[in-house]
Number of protein chains: 4
Amino acid sequence: MKPEPHRRATWRDEKAEERRQQLIDTALQVFARKGFDKTSVRELAAAAGVAQGLMYHYFKSKDKLLEAVVERHSFMPQLKTLLSTLHDEPAPKVLKVVGKQFFELLGQKESLMNIFFHETQSHPIVPRIWRGIMNEGISLFQNYLDERVKLGELRPHNTDVSARTLAYTIVLLRGTATAFPHRTRADEFISHLVDNTLSGIAAPAG
Amino acid sequence: MKPEPHRRATWRDEKAEERRQQLIDTALQVFARKGFDKTSVRELAAAAGVAQGLMYHYFKSKDKLLEAVVERHSFMPQLKTLLSTLHDEPAPKVLKVVGKQFFELLGQKESLMNIFFHETQSHPIVPRIWRGIMNEGISLFQNYLDERVKLGELRPHNTDVSARTLAYTIVLLRGTATAFPHRTRADEFISHLVDNTLSGIAAPAG
Amino acid sequence: MKPEPHRRATWRDEKAEERRQQLIDTALQVFARKGFDKTSVRELAAAAGVAQGLMYHYFKSKDKLLEAVVERHSFMPQLKTLLSTLHDEPAPKVLKVVGKQFFELLGQKESLMNIFFHETQSHPIVPRIWRGIMNEGISLFQNYLDERVKLGELRPHNTDVSARTLAYTIVLLRGTATAFPHRTRADEFISHLVDNTLSGIAAPAG
Amino acid sequence: MKPEPHRRATWRDEKAEERRQQLIDTALQVFARKGFDKTSVRELAAAAGVAQGLMYHYFKSKDKLLEAVVERHSFMPQLKTLLSTLHDEPAPKVLKVVGKQFFELLGQKESLMNIFFHETQSHPIVPRIWRGIMNEGISLFQNYLDERVKLGELRPHNTDVSARTLAYTIVLLRGTATAFPHRTRADEFISHLVDNTLSGIAAPAG
DNA sequence: TATGAATGAGTATTCATTCAT
DNA sequence: GATGAATGAATACTCATTCAT
């Protein structure tokens, strides 16, 4: 019986893929903590417990590594899953839930968010991915709102604006929450946010 | 006959102050365009038309220069002026105006905003100043909203949330507007934003 | 039934020898084109279509590979063959032919010549081989000239000098011919060279 | 009396020019000894007794330094001076003298010759300068020979070939002399070379 | 035999900072 | 005040070589 060279190659390939993943994950953490520019390849290698030369076996350059990081950890799938739960549910009931889940998702992806916020200028792919996520997310969310308008649950209005209002506010809430938490806790904040958005803050007319 | 040392000193002081200001202004532009880390002192000096060594006559280090930049260009005064016009004006009338003015102010301070967004990790003073501006601004804005609630113009609600909703949305709108403009134009967006915020987006109860 | 180990070994040896030869041939081309130092082992392996590690099965080091290249492609045999045709032929008749053949031989070995010219400092074996070829060639050539002197066909003179004059001129002609061809074509040049050498360029004494 | 800023600047400029020259001279020696590729900038700086960073104050890159070296040490002027002594002198009398002087000039420029021979591939300016020197030199030499033909001192022949024969032979003689000196000493060699060239090596007819 | 993952020393270059003039 | 020569540490990246499979 001949040896199976294919099997062996596959095993090596798997190991290599694991290693690649490990390097990406380590880089995500270190980039988020220290920033892309202030992180040296030597540091990355040390953090991953490998020789610096190995970085270049897996990634052509430090820039390409950053690309790999943002591509691999882009939370598009989770965002889609999250937003797919919207459909056929009444707005007042789900907006708070989805808002809080979105906030939580951003929290889980804190490292990535750090990169999105700070490394925009380092490499063009970073804002491109971020823009992709936001646009897609806003778009899906807007579709839901449009449906609800059609159903007469929401009044006719510019849903791009309301979608962005909710999304932007939560994104920046998340951004500032870590750095300098404020009085109102996030959950409570989002509850109020949705209430305000639905009912308005103006006093009921006369 | 010797010249009076005092006169000369004053004249020289003025020149020095001008020069200092010039270096700060140049640095603001270059930092905003290229990022703090990717800008060398040599580049800054060249952009200002002086020798590199001169930078260190005016600023102890590159970091201190960054501090000087964010301190000097902090738009706190303008923000306070802007918000001081709020008082004793009815909300529906002024929110749009103030919102648009705020958006425009952020636009004028685009270079500084770039630094706030991207150089948070470079030096602790950057997020500190940014946080100061935001907190102060939000606080003043919230005070105004509280007044309007007292006057019965707005319904009782968490004004911290509504203040932040408006502020955060406009900030991120500004941030994304330059990089990737979206369908709705800013002015229109802010109009809708204020309308939504005041009246809510829920359909009027039957 | 097991295969005879001897047969297998022989077959494998042949394959191995082929592979070795292939690696040497590839290396010759790449070294000549890019230079020894500027060629990485990775590049060599890629050019030969094998993994880098395999290079070290066949050659102990990059230096040893260079040795193998210059040893294998040393054109000593061809040179000897070429010069062996000299004997018993009259000088005026054969010098031009041999000169042109020598020029052509150098042309065929252009890659090797490139290595001889540029990589002298890389590894001591390179100038050693080159010196060997030249000295042996000059020596054989000189022997021929000495014979012709004895036969009275050439006048008594320092044949080391005349041998080197012809050889050096053709070598450098070849070296410069590729890089920057000059007015006189090589064939013609060599004809004139031999004519001059035999008859001298001085005007016949009155 | 005002201080003379110009004088001071000039003094600094002089110092800078001296330093520049020193770095070039040091580089010439080290490049010649170790080869361009095998010499690190750190080594160059150490050999010159300065910090490595200073190299980049004076030369934009290692390549530019090599350019500066070959440009500054190109022996074109000396070669022209040497060849200008030819005119109006009879060939038999001066060819040996000029030949030996040329050999000696090459010897004085041994370091530069090493670079010309070995670093052709490193940077395009190296062969360009070498070609310039050779072409100009050959051309001037050929002009002289043409004159002598016109005067009836030399017989009509292809002077490009005879000029190159003498030049090439001496160049390679010089190149091999250092590496592996041979039996005939250079002076003697050149005497024989000129004798052969003038009188030919064929036995006198009849 | 053949692979390619892994190593670690080495390289050119950049840069903030100092200082004599 | 102003210059730019000089420093030396840091950085991204390359490469010959080794070795487990």
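Each chain gets a letter, A, B and so on, in the order the sequences are listed, and its residues count up from 1.
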* Under-3.5 Å donor-acceptor pair between B:R42 side chain and E:dT14 base ->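 In this structure, the two groups form no donor-acceptor pair.
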
* Earlier contact from the 5' end, DNA chain F, for A:K62 and B:V50 ->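 That would be B:V50.
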
* Tell me which of A:F36 and B:G49 sits closer to the 5' end of DNA chain F, going by the nucleotide each one is nearest to. =>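 Upstream on the strand: B:G49.
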
Choose from [options] the nucleotide whose nearest atom is closest to any side-chain atom of [X].
X	options	answer
D:S40	E:dT13, F:dC13, E:dT11	E:dT11
D:Q52	E:dT13, E:dA16, F:dA5	E:dT13
A:R12	F:dA20, F:dA16, F:dA6	F:dA20
C:L54	E:dG10, E:dA2, F:dA9	E:dA2
C:Y56	E:dA5, F:dG1, F:dT18	F:dT18

* Asked: With a non-hydrogen cut-off below 4.0 angstrom, is A:F59 in contact with a base, only sugar-phosphate, or nothing?
  ->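 No contact.
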
Nearest-Å distance for atom pair [atom1]/[atom2], residues [X] and [N]:
X	N	atom1	atom2	answer
C:K38	E:dT11	NZ	C1'	13 Å
B:K60	E:dT17	NZ	C1'	12 Å
C:E17	E:dT1	CD	P	12 Å
A:Q21	E:dA5	CD	C1'	18 Å
C:M55	F:dC19	CE	P	19 Å

* With a 3.5 angstrom cut-off on both distances, give the Watson-Crick or G-U wobble partner of E:dT13, or none if there isn't one. =>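 Checking every strand shown, E:dT13 finds its partner in F:dA10, with both distances under 3.5 Å.
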
* To do: Scan every strand shown for a Watson-Crick or G-U wobble partner of E:dG4, both distances under 3.5 Å, and answer none if you come up empty.
  =>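 Paired with F:dC19.
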
* **Position toward the 5' end of DNA chain E (nearest nucleotide), C:G53 or B:G53** =>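 Result of the comparison: C:G53.
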
* On DNA chain E, nearest-nucleotide positions of A:A51 versus C:H57: which is more 5'? ->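 By nearest-heavy-atom nucleotide position, the 5'-most residue is C:H57.
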
* To do: Kindly indicate whether the side chain of B:Y58, heavy atoms from C-beta on, has any atom under 4.5 Å from the side chain of B:Q22.
  =>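 Heavy-atom side-chain distance check fails, nothing below 4.5 Å.
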
